[in-house]
Amino acid sequence: MKKIEAVIKPFKLDEVKEALHEIGLKGITVTEAKGFGRQKGHTELYRGAEYVVDFLPKVKIELVLEDNLVDRAIEAIQNAAKTGRIGDGKIFITPVEEAIRIRTGERGPDAI
């Protein structure tokens, strides 16, 4: 099993959710986040004063899935989240040793 964490632009969330649903994934966890990468934020004008917006709004998506679905999920996220502009986000993949469904006690792939 693998865990995929993707940090994307908030307005791309619905497209990514639909793309993951189309390949058969049923559950994701979404967290609102703030951060910056290479773009290091930007400056804005508010009431004549210029200020720096260091942390930009992002959305973090987390999902755990079986190894055979990882490549399809990554492709779905990339295609749905890509705008071609700076700040499109990142995808991280890490191994998951065990998963346990609290309600039933199921373990491994049955728990996800």
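On a predicted model such as this, the values are computed, not experimentally measured, just so you know.
Partner Ile112 forms a side chain to side chain contact (heavy atoms under 4.5 Å, CB included) with one of Arg101, Lys26, Met1 and no other, that one being Met1. The salt bridge (charged side-chain N to carboxylate O under 4.0 Å, His left out) with Lys3 is formed by just one residue from the set Glu62, Glu97, Glu66, Glu98; it is Glu62.
Counting heavy-atom neighbours within 6.0 Å of Lys17 NZ, excluding the residue itself, gives a total of 12 or less.
Between Ala19 and Ala80 the shortest heavy-atom distance is CB-CB, 3.9 Å. Contact record, Ala111 with Glu106: CB-O, 3.4 Å, taken as the closest heavy-atom pair.
If you take CD on Glu18 and CD on Glu15, they are separated by 9.5 Å, rounding to the nearest 0.5 Å.
Applying the under-4.5 Å side-chain rule to Ile, Leu, Val, Met, Phe, Trp and Tyr, the cluster around Val16 extends to Ile4, Ile8, Leu13, Leu20, Ile23, Leu25, Ile28, Val30, Val59, Ile61, Leu63, Leu65, Leu69, Val70, Ile74, Ile77, Ile91, Ile93.
Applying the salt bridge (Lys or Arg N to Asp or Glu O under 4.0 Å) definition to pairs two or more places apart or across chains, those involving residues 74-91 are Lys9-Asp88.
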